[in-house]
Amino acid sequence: MDESRLARLAEALDEGPAVHGFGDDQRWTFARMSDLIARSSTSGTRCAGTANIMYRLGWSVQVPKHRAVERDEQAV
């Protein structure tokens, strides 16, 4: 992916997932990023390709810890 496409992709990521049809959830998931990259590219992108593009843009793959929002630390 050339620099101009990377710049357009970075702008699209800054706009947020909802702008690109992913509902109200404002998290960029790996699958959503792969879908956005595939839509903006004429060639298909594999998982490794998506990860490489993310790293070039300064993003990283992160796995969040899931905790209940209403968790009571003192009760635990």
Side-chain angles (χ1 to χ4, degrees):
M1 185 174 277
D2 63 15
E3 293 303 316
S4 65
R5 283 189 177 168
L6 274 177
R8 285 195 304 268
L9 179 60
E11 289 174 10
L13 292 171
D14 287 340
E15 292 171 346
V19 173
H20 298 282
F22 294 111
D24 294 332
D25 182 5
Q26 287 298 297
R27 292 177 286 183
W28 277 114
T29 63
F30 192 82
R32 289 176 176 184
M33 291 185 85
S34 294
D35 186 52
L36 183 66
I37 292 167
R39 282 194 255 161
S40 66
S41 175
T42 56
S43 61
T45 304
R46 300 181 329 226
C47 288
T50 298
N52 288 337
I53 291 169
M54 288 172 58
Y55 292 130
R56 285 178 65 187
L57 291 172
W59 290 61
S60 65
V61 178
Q62 299 178 6
V63 180
K65 290 184 180 180
H66 295 284
R67 286 194 152 180
V69 173
E70 58 278 342
R71 180 178 169 143
D72 184 1
E73 290 295 331
Q74 292 180 354
V76 177

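Just so it is clear, the structure is predicted and the values come from calculations on it, not from any experiment. Below, each value reflects all heavy atoms present in this structure, side chains not excepted, and no hydrogens, waters or symmetry copies.
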Only counting residues at least two apart or in another chain, list the ones meeting salt bridge (charged side-chain N to carboxylate O under 4.0 Å, His left out) with R56.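 Expected list: E3.
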For E15, give me all partners under salt bridge (charged side-chain N to carboxylate O under 4.0 Å, His left out), at least two apart in sequence or on another chain. none
Carefully, step by step, assess T29 and F22 under the rule side chain to side chain contact (heavy atoms under 4.5 Å, CB included). CA-CA 10 Å; T29 63; F22 294 111; over 6 Å; no
The test is side chain to side chain contact (heavy atoms under 4.5 Å, CB included); show your working for R32 and D25 and say whether it passes. CA-CA 11 Å; R32 289 176 176 184; D25 182 5; 3.8 Å; yes
Nearest heavy-atom pair of [X] and [Y]: which atoms, and what distance?
{"X": "Q26", "Y": "G16", "value": "OE1-CA, 4.0 Å"}
{"X": "L13", "Y": "W28", "value": "O-NE1, 3.0 Å"}
{"X": "P17", "Y": "R27", "value": "CG-O, 3.5 Å"}
{"X": "L57", "Y": "L6", "value": "CD2-O, 3.6 Å"}

pair S60-M54: side-chain heavy atoms closer than 4.5 Å: no
So, taking the atom named CG in L9 and the one named CD1 in I53, what distance separates them when rounded to the nearest 0.5 Å? 7.0 Å
